[in-house]
Structure formats: structure tokens, C-alpha cells
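What follows is a short report on a single structure.
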Amino acid sequence: MKKQRIIFVGTPKFSVPSLKALIEDSRFEVVAVITQPDMPAGRSLTLTPPPIKILAQNYGLQIFQPPKISQINDQIRELEIDALVVVAYAQIIPESTLALPKFGCVNVHGSLLPKYRGASVLQAPIINGDEVTGVTIMVMDKTLDTGPILRQAEYTITTTETADSLAGVLSNLGAKILPDALFGYLQGNIKPQTQDNNLANYVGRMEKKDGIIDWQSSATEIERFIRAMTSWPSAWTWIKGKQLKILEVDKTVIEINSQKPGKTFLYNSCLAVQCGTDSLLVRRLQLEGKKPMTSEEFIRGYKDFIGSVLG
RNA sequence: CGCGGGGUAGAGCAGUUGGCAGCUCGCCAGGCCCAUAACCUGGAGGUCGUCGGUUCGAAUCCGACCCCCGCAA
């Protein structure tokens with residue numbers, strides 16, 4: 001049987017399992033991989049290839065790294081592909097490119113559409129305290145994350161879930177259901193289901209400043225927020241002009257409301273912070289320029305920390 | 001040469017007009033106690049990141065290098 005010709009489009013670690021799944025599936029032939037150009041990264045700003053490029057190189061696949069994907073529309077057209085598969089490319093695919101493959105473009109989305117559309121779909125369910133999230137395989141259309149759905153898989157969010165752990169779980173879950181969903185679609189066996197736009201929310205791209213903790217929020221909300229911001233951008237606050245990351249707090253809030261929000265105090269010899277409602281016990285934190293450490297270690301070295309107000 | 005913080009006891013930190021190396025915790029021993037992660041007493045544990053320079057004398061001043069971290073991506 002003739003293999004389905006596809007081009008894979010993706011960039012970060014999240015897309016790696018999906019590309020691997022397609023490469024190892026004999027029903028498909030990955031004829032090329034499109035990813036972002038190498039970007040300066042790390043403290044020396046060394047030019048670093050995206051994870052997808054490294055994987056593609058290991059398999060000897062043809063690689064394109066255009067600044068804008070539409071710049072290689074001609075090359076894509078010449079490859080005469082059945083479908084383009086997009087997983088976390090970090091760039092909007094313009095209509096001109098979407099129109100090129102015979103059967104269009106299929107996307108692996110890291111949440112259950114239509115609830116969360118946009119960039120920070122891993123963080124949103126954790127922040128909101130959702131019980132379930134998942135992945136969606138969908139056919140792309142001209143607007144972001146609005147195309148008809150092929151398949152979905154659910155995942156129950158744990159009480160210690162972080163955006164990082166979700167990324168690991170969902171990238172594998174997506175890779176697991178992608179091949180069958182894609183093949184079924186290309187064979188005409190799966191009919192794309194239109195999304196209900198009334199249930200949709202758009203969540204924008206996360207920035208460093210989005211990790212700033214609002215101590216007016218309730219302890220419950222902040223605890224979820226901290227997990228959602230892990231490991232980037234991290235939930236953080238200000239202390240004497242320096243950034244202080246709150247890496248981990250006890251998930252059990254304590255019902256103390258006698259302090260000013262953001263104020264630190266000791267509770268059973270543990271570092272606690274007053275929130276808008278109730279208080280949190282801090283487990284691990286990191287001052288800028290320093291390594292992550294437990295709150296016990298931190299307090300030992302920074303004597304006047306207790307009693308100060310964060311934020 | 002992207003910007004910035006830092007490397008001092010097992011851990012977290014203090015320590016610059018250069019002059020015997022400190023604090024909190026941990027650890028070991030002993031004591032108190034019905035008992036204890038509490039308390040008391042005593043103790044071990046450091047080539048102050050590395051190399052070189054200045055000096056009678058350097059954790060501290062100068063130079064080079066190594067390593068860690070934040071920002072940025």
C-alpha cells in the first residue's frame with residue numbers, strides 16, 4: 001500500500017513524541033520536517049537547534065527552518081504531500097500554507113477543545129482547578145485552534161500536577177492517538193466534528209511577568225497557580241528588589257487570616273505566607289542568583305526574612 | 001565578548017580602612033527528662049573555587065581562569 005506522505009511541523013520537546021510516532025508508523029512517510037530556526041539560548045546565547053531538528057537529523061530527514069513558513073510554500077507544494085502535521089510549532093500557519101496539502105493540516109493540541117484555545121493551554125486547566133484535561137487531534141482551519149475535531153483523549157489532573165508534568169503526559173498521549181486519527185482521517189473513516197464556539201476560551205501566550213504572584217488571591221488559587229507556572233515562567237514575587245521564585249508549597253492551606261497578604265511568618269517552624277484568604281506553607285524557593293533550596297535552608301541564611309512582606 | 005548575582009565547615013549565610021576564620025542548622029559525645037525533633041554542656045569538621053601578583057601579613061587589594069545561578073531566549 002502506498003504510504004501517506006506527510007510533512008511534520010513542530011519545535012519543542014512537546015512535539016518530539018508525535019514525530020517519533022509518525023516516523024515509526026509504516027503507514028506514513030515523513031518526507032520533510034519544518035521547525036523554527038536555531039535560536040540563541042542559554043547564558044552565552046549559543047545558537048541552539050530545536051529538539052525536533054535534532055530528532056529529524058538522527059533520522060536523516062529533510063529539514064526546513066524558514067523564519068516564516070510561507071517562504072517555503074513552493075518547496076512544500078513540490079513534495080506533493082497528503083497532510084501537514086503540526087505540533088507546537090510556535091508560529092501561526094498562514095492560509096496560503098494550510099491550502100497546500102491534499103487533505104489539509106492536522107494539529108495536535110494540548111487540551112480538550114474547544115475549552116482552551118491559544119498558547120498556554122497546559123497552564124489554564126491547572127490554574128482553573130479543572131479535574132480533566134487532555135489532547136485534541138484536529139483539522140486546522142484559517143483561525144487558531146478552531147478547526148473540526150478528529151479525536152480526543154482525556155487525562156485526569158493530579159493534585160500535584162504541574163505544567164511540566166502535563167507537558168510530558170500530554171505529549172505522549174497525543175503521540176499515542178495521532179497516527180490512527182490521522183490515518184482514519186486521510187482514509188475518510190473519521191469525520192471531523194465541528195467545535196462549539198460557545199464553549200471556547202482563548203488563553204494567551206505566557207510571559208515572565210505572568211508568573212508574578214498576586215498575594216490577594218486565595219491560598220487555594222495561589223497553590224494551583226504555582227503548579228501551573230512550573231517550570232516556566234515560575235511563580236515569583238519581589239523581596240527587597242530581588243525576584244524570589246516560590247517553587248513549591250504545601251498543597252494543604254492553613255486557615256490563618258491574621259496577617260497582611262504577602263506577609264511571611266512562622267507556622268510550626270515552617271515558612272508561611274498570608275494570602276488573600278488563608279495562608280500557604282512554603283516548601284521550596286529560589287532567590288535570583290541562588291540555587292533552589294528548601295524554606296528551612298533559606299530562613300537559616302536570611303534571618304530578617306520572616307516578617308517581611310512579599311510582592 | 002548579551003546583562004547581572006554568587007563560590008567561606010555537611011547545609012544556608014555573615015565577614016573589605018588587609019591583622020589569630022564567624023553565625024544558624026546538622027553531625028559526634030555527655031547531661032537533663034517518663035520522653036522528645038525541645039533544653040543544657042562539650043567536641044569534631046575550613047588548603048576561604050583555582051592559579052599567579054602586591055604585601056611583614058590576603059577570605060579581604062590586582063590579574064587570569066574554572067564552576068553555579070537569575071535575566072534573556
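- Here the separation of B:C69 from B:A11, taken at their P atoms, is 16 Å to the nearest Å.
- Separation of the P atoms belonging to B:C25 and B:G42 is 15 Å when rounded to the nearest angstrom.
- Under the Watson-Crick and G-U wobble criteria, each requiring two contacts below 3.5 Å, nucleotide B:C3 is paired to B:G70.
- Under the Watson-Crick or G-U wobble criterion, with both distances below 3.5 Å, B:U41 is paired with B:A29.
- Checking each of A:T136, A:V135, A:L170 against A:H109 for a side chain to side chain contact (heavy atoms under 4.5 Å, CB included) leaves exactly one that passes, namely A:T136.
- With sequence neighbours left out, A:F305 forms a ring-ring contact (aromatic ring centres under 6.0 Å, His included) with A:F298.
- Both A:M293 and A:L287 sit near RNA chain B, but only A:M293 has its closest nucleotide nearer the 5' end.
- Within residues 244-252 of chain A, the residues having any heavy atom under 4.0 Å from RNA chain B are, by residue number, A:K245.
- Taking the P atom of each, B:G19 and B:A59 are spaced 9 Å apart, rounded to whole Å.
- Extent of RNA chain B lying under 4.0 Å from chain A heavy atoms, first and last nucleotide in 5' to 3' order, is B:G2 to B:A73.
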Determine all donor-acceptor pairs shorter than 3.5 Å in which one atom belongs to a side chain in residues 43-51 of chain A; sequence neighbours excluded.
residue, atom, partner, partner atom, Å
A:S44, OG, A:T46, OG1, 2.5
A:T48, OG1, A:T46, O, 2.9

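- Comparing A:P40 and A:E288 by the nucleotide of RNA chain B that holds the closest heavy atom to each, the one mapping nearer the 5' end is A:E288.
- Qualifying side-chain contact (heavy atoms from CB on, under 4.5 Å) partners for A:A32, counting only residues two or more places apart in sequence or in other chains: A:I7, A:Q62, A:F64, A:L79.
- B:U47 sits 24 Å from B:A29 when the P atoms are compared, rounded to a whole Å.
- In this structure, B:C23 forms a base pair with B:G12, meeting either the Watson-Crick or the G-U wobble geometry with both donor-acceptor distances under 3.5 Å.
- Judged as a salt bridge (Lys or Arg N to Asp or Glu O under 4.0 Å), not a single pair has a partner in residues 148-175 of chain A (not counting sequence neighbours).
- Taking the P atoms as reference points, B:G6 lies 24 Å from B:A73, given to the whole Å.
- Taking the ring centre of A:F183 as origin, the terminal cationic atom of A:R27 falls inside the region bounded by 6.0 Å and 45° from the ring axis.
- For A:R224, the side-chain hydrogen bond (donor to acceptor under 3.5 Å, both in side chains) test picks out no residue, with sequence neighbours left out.
- A side chain to side chain donor-acceptor pair (under 3.5 Å) with A:K115 is found for one member of A:T133, A:N201, A:D130 and no other, namely A:D130.
- Taking atom C1' on both nucleotides, B:C51 is separated from B:C66 by 10 Å, rounded to a whole Å.
- Judged as a ring-ring contact (aromatic ring centres under 6.0 Å, His included), and not counting sequence neighbours, the contacts of A:W238 are A:W236.
- B:G22 and B:A44: their P atoms are spaced 13 Å apart (whole Å).
- Across every strand in view, B:U36 sits unpaired, with no contact that passes the Watson-Crick or G-U test at under 3.5 angstrom.
- When the P atom is compared between B:G45 and B:A9, the two are found 14 Å apart, to the nearest whole Å.
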Distance-only donor-acceptor hits, side chain of residues 284-291 of chain A, under 3.5 Å, sequence neighbours excluded:
residue, atom, partner, partner atom, Å
A:Q286, NE2, A:K290, O, 2.6
A:E288, OE1, A:Q243, N, 2.7

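- Counting any heavy atom pair closer than 4.0 Å across all strands shown, A:Q286 reaches sugar-phosphate atoms only and no base atom.
- Listed by residue number, the members of residues 303-311 of chain A with any heavy atom below 4.0 angstrom from RNA chain B are A:K303.
- Applying the salt bridge (Lys or Arg N to Asp or Glu O under 4.0 Å) test to pairs two or more places apart or on separate chains, those with a residue in residues 45-73 of chain A are A:D38-A:K53.
- The stretch residues 300-311 of chain A participates, sequence neighbours left out, in these salt bridge (Lys or Arg N to Asp or Glu O under 4.0 Å) pairs: A:K240-A:D304.
- B:G63 is paired with B:C51 under the Watson-Crick or G-U wobble criterion, all donor-acceptor distances under 3.5 Å.
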